[in-house]
Amino acid sequence: MVKDISEGEKRAAEEFEPMIAAFCCNWCSYAGADLAGTSRFEYPPNIRIIRIMCTGRMDPTLVLEALRMGADGVLIAGCHPGDCHYQKGNYIMEKRFDYIKKAVKSIGIEPERVRLEWVSASEGGKWAALVREMTEQIKNLGPSPFRLTHNPR
Amino acid sequence: MSEEPRVGVFICHCGVNIGGVVNVPEVTEYAKKLPHVTYAEHNLYTCSEAGLAAIKKAMEEYNLNRVVVASCTPRTHEPLFRATCKEAGLNPYLFEMANIREHCSWVHMHEPEKATEKAKDIIRMSVAKAALLEPQTEPEVEVKEASLVIGAGVAGMTAALSMANQGFKVYLIEKEKEPGGITEKLYKLYPTLADSSEVVEPLVKAVKSHKNIEFMTSTTLKDISGYVGNFNSILTGSEGEREINVGTIIVASGASNYTPPKGLYQYGVYDHVITQRELDEMVKKGEIGTPERIVMIQCVGSRKGEIRPSELEAFPKSDTAELLRKILKARKEEGWPYCSRICCMNAIKNAILVKEASPKTDVVILFGDLRVYKEYEDFYRRARDNEVRFVRHIEEVLPEITQTPEDKLQVMAYDALSGLEVNFLADWVVLSTPLIPNKDEIMLARMLKIPISTDGFLMEAHLKLRPVDTNVDGVFIAGTVSGPKDVSESIISGEAAAARASILMGNRKVRTDAITAVVDEDQCIGCGLCEEICPYGAPKIEDGKSKIREILCRGCGSCSAECPRRAITMRHFGDHQILAQVKALLIPESLKEVGV
């Protein structure tokens, strides 16, 4: 197993392409990502979007599970404060986020790997810029420790 | 569901939109090997009649009980594919979409190999979720047979009348003291040269006297709550506040006229530099006289610059009235990036009116591009026959205006054909300016949760497929609030929005999403956290257990995430379904376990 890890590390150092799981709310951020597409704003292909109805739906367990399974980064994206389709789902999420960060830290992962961002349906440009910036950030952090031991790709 | 999942995957080329980037045949072969996938094929356009027929045929032939379409965004095409599943006898909630266009081919067009791998991931995730989908039924809500129309311009009045004539109650509100909007202030309309009053006055008379229309001027929308079928709106006006209850809303609150900043083409510096609106007014009052020459300049404040990302961010924010004001002010200096579509015809109309009033006046139109679409070409010819001169100039170099000692205006521009300097001595310089979005409309859109387009106008749900719908169910848009339109186009959109709203009100009922919360009473300990967190008051603790009233539940899922006993499951977005996607993404080799 030790050999596996060192090979994984070597490969990672050479060409680390992070895998970011993004949970986007249906009404704002998923639509914002759609608009980035319609506007042909290019960004790195390191992100995979999972559609949820509202960030208020984000159970902290989902974040922890994604990290445990080897995601290098987790993005939760929802409507701007005041813009929630369900009035206050994003505020509920914001409150939970402190707790999520603590939980992430407690399992030995840099809390910076998990981000909460607001992207509206008309912010295709912001979505593309966010993905570019976050991909770069996770590249600098390197592969998730869970990815190396649990799921070397 | 005890039945073994039999998933069919249909992968769309979308012409070259997906197929030009993603290797669709390769992805199809990949999909065929995924667990639970019984059948996979690719189509040129899955949403075409042929594509939909192919889905139905395969469903029957391979006895499919789950369908995955890998194409565009579910936000536009999910209803179509769900309907196809339903027609073929499958519960529409056993359908799942993989977005490999907006989220893949369109944003990775220069990385075809990586895009292909990403498309495989996205489809694998969708198949994993599809295998766990369950059939659902959509609850029905009543639609109140009343509509609120915001804005009594041509579009709003048309929409109000159309609905009122069908027997629906209409509340028509106008923020100004008088109805008529922009049209009322015009003199003649192109291409008929009819008086604008011929259009506006009958509409005003009709809305004021219609028994089904309650018409309120100097009134605005203050607050709104509720959802399709049952909106609660608070109006505020000269007679104070008033609460009304409606099933649908049509936003027809219009646009503003661009006023050039002082100094642009010497506007505000020389009295004889005016806008088309001001010329219109002069012609109307017969004050035009017999000038020797009038020079018109097109695209003043339109087709200029580009919108910066910071502006896009500011449009939808809640606490940015001041910021919006500043951005709109900066835009005034720089101009707006879009074509306002009405200014060419407006200039030609005024040129013809001037020629008719004073045939000896030389009218010169300086343009970069001239857009006279559909039958308006005839109107353009009519101007040419009237000896209006069209001079194409190099747009990038703004014409320079100076005043001569004889109090004439000298216009210097560069001719696009010869590249040479051309000079005109003019009595009047007339600037053709666009219709622009304004702060009030952007703030109103925010209140109604309608997205704003990159041009600052209210955005339709889909530019081609749903041009008068918004992303908010039951709220529609008409007229220039969604972008520049002429009078006939405003009337068309008013009629269209009224028709869309009337479908809802005529059916009296609308099916809402089946995505609601369900309580597992064995797990529930009656702690009441769900009751506390729900914005709609859907859960209620009765006899120590949480009961969720389905009709009040909007499906956000906040209660589900909050429940300490994990006793609340979201239909269609259950923990197990979301986790299946996560797992399929990150541990593909585990996929065989999914559904076990």
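In the text below, chain A, chain B and the rest are named by the order of the sequence lines, each starting its count at 1.
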- prompt: Side chain, backbone, both or neither: which part of B:Asn17 has an atom under 4.5 Å from a heavy atom of chain A?
  reply: side chain
Heavy-atom contact with chain B under 4.5 Å, split by part of A:Asn46: neither
query: Which value, rounded to the nearest 0.5 Å, describes the distance between A:Ile50 atom CD1 and B:Ser126 atom OG?
result: 10.0 Å
- request: Check whether A:Thr55 gets within reach of chain B through its side chain, its backbone, both or neither, counting any heavy atom under 4.5 Å.
  value: neither
- prompt: Hey, are A:Arg96 and B:Glu562 close enough for a salt bridge, meaning a charged N less than 4.0 Å from a carboxylate O?
  reply: yes
statement: Answer key: most heavy-atom pairs under 4.5 Å with chain B among A:Gly89, A:Ala33, A:Ala121, A:Ala36 is A:Ala33
statement: Among A:Arg48, A:Arg51, A:Met93, A:Met58, the residue with the most heavy-atom pairs under 4.5 Å to chain B is A:Arg48
- prompt: If you tally heavy-atom pairs under 4.5 Å against chain B, which of A:Val119, A:Ile49, A:Val131 wins?
  reply: A:Ile49
- line: When rounded to the nearest 0.5 Å, the distance separating OG of A:Ser122 from CD1 of B:Ile450 is 12.0 Å
message: How long is the straight-line distance from CD1 of B:Ile515 back to CG of A:Asn26, given to the nearest 0.5 Å?
response: 7.5 Å
- prompt: Taking every heavy-atom pair that is under 4.5 Å apart, which of B:Leu579, B:Ile533, B:Thr76 has the most such pairs with chain A?
  reply: B:Ile533
- prompt: chain B heavy atoms under 4.5 Å from A:Tyr30: which part of the residue, side chain, backbone, both or neither?
  reply: both
task: Taking all non-hydrogen atoms of both residues into account, name the closest pair between B:Cys556 and A:Cys54 and its distance.
output: O-CB, 3.5 Å
- request: Search all heavy atoms of A:Gly37 against all heavy atoms of B:Val107 and return the closest pair with its distance.
  value: CA-CG1, 3.7 Å
- request: Determine whether A:Leu62 and B:Val582 make a side-chain contact, defined as any pair of heavy atoms from C-beta on separated by less than 4.5 Å.
  value: no
Donor-acceptor pair, side chain of A:Arg57 and main chain of B:Phe573, under 3.5 angstrom: yes
- request: Would you mind telling me which of B:Arg566, B:Glu111, B:Met459 has the largest number of heavy-atom pairs within less than 4.5 Å of chain A?
  value: B:Arg566
message: Shorter than 4.5 Å, heavy atoms on both sides: which option in A:Ala21, A:Ala31, A:Ser39 has the most such pairs with chain B?
response: A:Ala31
- prompt: What is the minimum heavy-atom distance between B:Leu586 and A:Met69, and which atoms define it?
  reply: CB-O, 3.5 Å
field: A:Ile92, part contacting chain B, at a heavy-atom distance under 4.5 Å
entry: side chain
- request: Rounded to the nearest 0.5 Å, what's the gap from CZ on B:Arg101 to OG1 on A:Thr38? Could you check?
  value: 7.5 Å
- prompt: Would you say B:His108's side chain and A:Tyr43's backbone share a donor-acceptor pair under 3.5 angstrom?
  reply: yes
message: Can you tell me which residue among B:His103, B:Glu113, B:Lys114 is in a side chain to side chain contact (heavy atoms under 4.5 Å, CB included) with A:Pro45?
response: B:Lys114
query: In Å, rounded to the nearest 0.5 Å, how long is the span from CD1 of B:Ile578 to CD of A:Glu65?
result: 12.5 Å
- line: Per-residue tally against chain A (heavy atom, under 4.5 Å) across B:His110, B:Met109, B:Met125, B:Lys118 peaks at B:Lys118
- line: Whatever's closer than 4.5 Å to a heavy atom in chain B on A:Trp27 counts as both
